[in-house]
Amino acid sequence: MDVEKRVKRNKNPRHGANFISSMLFFYMFPIFWSSWKYGLKEEDLFEPLEEHRSNVVGDKLETEWKKQHRKHKKWALHIALFRVFGLEFMTIGVLTLIKEVGMIIFTPILIGKLVSFFAKGQVVMSDDEAYVYGGLLILCLVVDRLITHPTMMWIMHVAMKLRISCSTLIYRKTLRLSRGALGKTTVGQLVNLLSNDVSKFDQGFVLAHFCWIAPIQTAVGTYFLYKQINVAAFLGVAFLLMFLPLQMWLGKRTSVLRLRTALRTDERVRLMNEIISGIQVIKMYTWEKPFAKLVSLIRKKEIQSIRQHKYLIGLTYSFETFVSRAAIFISLIAYVMMGDSIDAERVFAITSIYNVMRTVITFLFSISISSNAEVNVSIKRMQKFLSYEELPERNVVPPNVVLNGNANIKTTPHVLLKNVSAKWEQESAEYNLKDLNVEIRQSQLFAVIGPVGSGKSSLLNVILKELPVSEGVMDLSGRISFSAQEPWLFSGSVRQNILFGEEMDEERYKHVCKVCALESDFDLLPYGDKTLVGEKGKALSGGQKARVNLARCVYKKADIYLLDDPLSAVDANVGKQLYKECIKGYLSNKICILITHQLQYLKNADRILILKEGNVGGQGTYKELQSSGLDFAKLLEEFQDDENVEKKRVKSRQNSEASEVTLEEADEDSESDDEGPSVEKEKMGSGSITFDTYSSYFRAGGNYFLVTFLIASFIFSQACSNASDYYITYWVNTEQDMSEKNYTQLSPEKEISIRYQVIYEYSAVMIATIILAVFHCIFFFIFFMHASIHLHDNIFSQLLQATMKFFNTNPTGRILNRFSKDLGIIDEYIPLVLFDVLEVGLLLIGTIVLTSIVNPWLLLPAIVLMTLFYFMRVVYLKTSRSVKRIEGVTRSPIFGQMTASMHGLSTIRAFNAEKILIREFDQFQDLHSSAWYLFIASTRAFGFWLDMICIIFISLIIMTLLLLNKDMHGGDMGLIITQYMGLMGSLQWGMRQWSELENQMTSVERILDYTKLENEPERESKALPDNWPRHGKLTFKNLSMRYNPEDAPVLKDLSFTINPGEKIGIVGRTGAGKSSIIVALFQLYPVEGSILIDDVDTTALPLDTLRSKIAIIPQEPVLFSGTMRKNLDPFDEYPDNILWDALEQVELKEVIAEMPSSLSTNISEGGTNFSVGQRQLVCLARAIIRNNRILVLDEATANVDPHTDSLIQKTIRKKFADCTVLTIAHRLHTVMDSNKILVMNAGTMVEFNHPYILLQKDGGILKDMVETTGTSAAKNLRNIAEKSHEETKSK
């Protein structure tokens, strides 16, 4: 989300090109030349055309959509698209109709006349007339191509604008979705809408017009057939038309299967998004297998739909091979059986009519229907999403605004809630907030406290208008700024994250960074505030993320600041500084609503609101509440001094990971932050696709025998097809010879015998053609379906075994692109393209062989033609492959923008940053559009000039035969012309598909890249003692760990022993290495040295064995969509009573029991239907259920109130009394009764003993940390430590 700069690019070559240049694609020649000489890179892309700009087409469609959505609910998007793009679309349709009907009228007549010139003994046609007919035929072909390619370019251009406008509309809608609507959609669904659904315009919509052109063309063709062969014409056409109902059914069925596939793909992509986002937790819990099973199940269902779809496509493709040949066969047999005789002119006139009709009726018509059906399904899916409920327009009155024209009445910033009730689920009977009365009319610090799930964050969401008010009145005045509970950072520099689209004010910026305690961090970060933070800020520690999040909120000039628990993720000193300098200092003259669990800060708050189960539990000043006698107020009595809290949510890898995501050579004066997460751009292949890539793809489908069998089936099918074409010529020539032999008195019986023998042989060849056509098509799609299945299974298993380094250097959008777009191309698109390449390649070989049999001299020009085509393809491919790769890379940021925006929606809306992000999304789309337009223009230019060369070749052959071969059979001449004319359209299509195959094979290449991921080490299973670990003894021996091999170690030579059942607290300042100890224990990164559990060296154990024996409550609670039961026990190992017991111990039993489906309640994506604190309690319940001998708490109670924290600590002491427990401290009083405290500093162990002993040590770090909490709290902490020490001694 680089909101600061935009690269200036060269003007698009199509801009300003004249009519001739546009028609003949001359404007592409300099690009082909430049690409051939110097290659093509992303920097070489041009500005998009004005009509392609995302904001231009997006605005047009959005205006029309809003207008139509008010009138027509069901077809609003269809009508809006037609109103915006319909005129262009219909003009293209009319031009296509004229071209298709012209071809079916003129070419058969001209071919018939040319063939009749070669009839033996004909004296009707002179040489000059023959040359005229030959010239007219060539002219007809040239005009056909001059209309075909520019209209195809035009419709691809329209399809592209349809895609761009719909993508823009979807993104804009995402930013306006209400919370209720967000519950109905997922990131996976949105990625699928933006990748697969909108691309249906590009893939199939170019053939949309043939669904109505085909019937008109068929009627015209039938009329001209009737003129040639009378009633027999109707039999052949009837056979052709027999397939229309079947194709209509196939189209309809395809539509149903497409929708089913899309829904299942949505589900799989959604699940993949969750897996990638929560991979660290999945690895720690060893949940790879249940997730693999889930993905396998969804993939199986998806494949079932795709497989059925492919069978239908295979059947449709087989029609292309045999239907027109069978129609010609039926027409000729019927004509002869009716007592008529055939001649070359008549036969090749009807052959050319059927050849023109064949593609349209058997292929284009059915593909048009099915692609229109697919586009219709996609538009309906988009319309369904676009119709979701939106948040109401924000109409907060800014302060000092004159109301009703009365200059005396000016508003001041205020927040007024009167009897407000609100609920997240509108159908739910329970309110999340009930009868809330809050009035804030002047600058003050208004603190909100309450237990987990009491509605604190919901209150802020009401003020932000994210949560609609069901009852009561809310009156707001003033600009609002917001700091979310879970820090949201986008892929950009620290500075961009803080500014977030606001103007840069150097003085204000420095002041904000100072009060948010970021100055020292800037010194630590490799490039200061220009350091790239990575996706979701993964290059920063938890505390740094929280402070950047807060700085963004504070930097914005606002009147009301909403701070959702910003002090949870920082240690005591930093927390004190933030509270004093930022909240009480910098924001002192503003309305500041602070949610906090840090009760020691409440003393200085102007007013405090206590929430309990959505109700107001109390409201007033600190002193008023202290003396009120409220239950919750008892907690306040414990915190009468300044501080007693130590909270650190830190991943101590800010330097190690930051180095992964910064430029190797960065100019500190420049904004080196284009790339986001890992700055090195997504790897882009170069050069041609290797043979190994093709080989791997084929091997994924089956063994060498099956590959050989597949190729043989294609060859035999083509041989039969060519044989049936040859038999027409053979039959015509035989009839011509027999008519000449009539003069030699050939008996009628002999004549009939010869004719019937030809008919029987022709029939046998025809039956073989039909059988082989159907068989080889269906077998082909089955084969590549298997390839698709194996490739997905392979890369998914590799992904689950990949190291954490891979996930930290690759953003979710990039990985998802492999599993959505690339896999979609392999599933559905590459097999279609590969089929065309094989078919056209064999058609070319078949044509050359067949015409060479007729006239061997034709082999020479054919070789010249092939050589010329090959060199043209080499030049074209260099451009098209580069452009296609650039297109793939420029597509990823579009998905990245969507996923990042979904995660930070509340923050984006609170900052009114929608316009900035829409502008940025438009820039990503424009860059992609520039690459896409180059791709389609190069494709069309190549196809056009291939056809032109083909026409020149046909012209030379016709003129040569007219001059030199006047004694050849008319049938031979007809065969040559019809074969090469058939090749004309097919060959340029096949060559383009060959190039397209190379381009699309980059998806296979990208997928295969993921089969070579660096995996976590696989270790041999070892015999372990029964019930290991029985005691839970932990020994670290000379342990060191690095996040990157080239970085300095984050843990250095750690050696200590934790005895069975000991409770250990781990403390230390930011970046000390606390979380890294946990990472090392689970061996998420390579470690040096040893970690022994019950004297077994775990560095030699299989990782799943090790990880399954340690329970963890992670720093950031992760819930996965699915049922609550699956979240607690994905292996289904435990009965319900154990799960309920665990929920009861974490005080969630009532919450879950009250839900309609109790344990079967569905968790929404990311667990968003639970508060952060409740999610943390679910993680605790998981640990209780697993009941391991070793438990790790990675700052597990950072997001819960002191009461719940106390409950969790009691639960852990009771439930894990005999277990070894490691706790990363966030509140010192939670670890002061530990058996020992491990104090970390800069990756080394500096103190390790009982807290009471460490507190006696002068100059000790723990002692210093305790003293910073304040006199009273420090005394309280010493008492806890002393009491614990006495208990330990007495045991």
Side-chain angles (χ1 to χ4, degrees), residues 1-4 170-179 181-183 185-191 194 273-274 276-278 390-391 394 457 460-461 463-467 480-502 532-540 542 544-556 558 561-566 569 673 676-677 811-813 816 893-921 924 1116 1118 1164-1168 1172:
M1 294 188 192
D2 182 353
V3 293
E4 289 189 5
I170 289 165
Y171 183 71
R172 292 178 184 185
K173 177 71 178 185
T174 305
L175 298 180
R176 295 195 299 266
L177 286 177
S178 71
R179 284 283 152 186
L182 282 168
T185 189
T186 62
V187 175
Q189 185 195 352
L190 288 173
V191 168
L194 280 184
N273 183 51
E274 287 197 62
I276 297 160
S277 301
E390 294 183 9
L391 283 181
R394 286 179 171 79
S457 295
L460 294 196
N461 278 297
I463 297 169
L464 288 167
K465 297 193 176 176
E466 293 280 329
L467 176 58
I480 293 175
S481 189
F482 171 60
S483 171
Q485 183 174 11
E486 293 179 87
W488 174 73
L489 277 72
F490 55 80
S491 299
S493 66
V494 175
R495 178 182 290 188
Q496 286 172 329
N497 270 280
I498 294 172
L499 295 179
F500 201 43
E502 296 280 316
L532 294 147
V533 302
E535 190 185 33
K536 297 182 187 173
K538 67 173 65 156
L540 304 181
Q544 288 167 332
K545 281 192 274 189
R547 293 198 297 282
V548 170
N549 198 47
L550 179 63
R552 178 203 291 136
C553 170
V554 175
Y555 183 80
K556 183 185 175 185
Y561 289 85
L562 309 179
L563 310 180
D564 195 349
D565 204 10
D673 45 14
T812 307
L816 270 185
I894 295 173
F895 303 142
Q897 179 91 348
M898 175 61 88
T899 51
S901 300
M902 278 288 278
H903 289 135
L905 210 47
S906 299
T907 304
I908 290 164
R909 296 203 281 227
F911 278 74
N912 296 317
E914 294 96 331
K915 284 183 182 173
I916 296 168
L917 293 179
I918 287 168
R919 190 164 68 242
E920 179 134 345
F921 183 80
F924 286 138
E1116 293 176 13
V1118 178
S1164 59
E1165 191 174 19
T1168 50
V1172 179

The reported gap from NZ in Lys915 to CZ in Arg172 (rounded to nearest 0.5 angstrom) is 11.0 Å
Would you check if His903 and Trp488 make a side-chain contact, meaning some heavy-atom pair closer than 4.5 Å? yes
Chi angles and distances behind the side chain to side chain contact (heavy atoms under 4.5 Å, CB included) call for Lys556, Asn912: CA-CA 11 Å; Lys556 183 185 175 185; Asn912 296 317; 4.1 Å; yes
Counting distance only, does the side-chain N/O of Thr899 pair as donor-acceptor with the main-chain N or O of Gly896 below 3.5 Å? yes
Please assess Arg909 against Leu175 for the test side chain to side chain contact (heavy atoms under 4.5 Å, CB included), listing each intermediate value before the final yes or no. CA-CA 7 Å; Arg909 296 203 281 227; Leu175 298 180; 5.7 Å; no
Single hit among Ser178, Ser906, Ser457 for side chain to side chain contact (heavy atoms under 4.5 Å, CB included) with Glu466: Ser906
My understanding is that only residues two or more places apart in sequence, or in another chain, count here; which of them pass side chain to side chain donor-acceptor pair (under 3.5 Å) with Glu502? none
Taking only residues two or more places apart in sequence, or in another chain, which ones meet Lys173 in a salt bridge (Lys or Arg N to Asp or Glu O under 4.0 Å)? Glu390
Kindly give the heavy-atom pair with the smallest separation between Gln189 and Thr186, and that separation in Å. N-OG1, 3.0 Å
Would you give the length of the straight line joining atom CG of Leu905 to atom OG1 of Thr174, rounded to the nearest 0.5 angstrom? 8.0 Å
Listed partners of Asn461 passing side chain to side chain donor-acceptor pair (under 3.5 Å), at least two apart: none
Nearest 0.5 Å, please: how far is CE in Met898 from CG in Leu190? 4.5 Å
Nearest heavy-atom approach of Thr907 to Phe500 is O-CE2, 4.5 Å
Taking atom SG of Cys553 and atom CG of Leu563, what is their separation to the nearest 0.5 Å? 5.0 Å
My understanding is that only residues two or more places apart in sequence, or in another chain, count here; which of them pass ring pair (Phe, Tyr, Trp, His ring centres under 6.0 Å) with Phe921? Tyr171
Under the side chain to side chain contact (heavy atoms under 4.5 Å, CB included) criterion, do Gln485 and Leu460 qualify, and how do the steps go? CA-CA 11 Å; Gln485 183 174 11; Leu460 294 196; over 6 Å; no
If you measure from CG on Leu917 to CZ on Phe911, what distance do you get to the nearest 0.5 Å? 11.5 Å
Roughly how far, to the nearest 0.5 Å, is the CG atom of Leu464 from the OG atom of Ser481? 9.5 Å
Could you walk me through whether Ile463 and Leu562 pass the side chain to side chain contact (heavy atoms under 4.5 Å, CB included) test, one step at a time? CA-CA 9 Å; Ile463 297 169; Leu562 309 179; 3.9 Å; yes
Would you please name every residue forming a ring pair (Phe, Tyr, Trp, His ring centres under 6.0 Å) with Tyr555, sequence neighbours left out? none
Who pairs with Ser483 by side chain to side chain donor-acceptor pair (under 3.5 Å), at least two apart in sequence or on another chain? Asn549
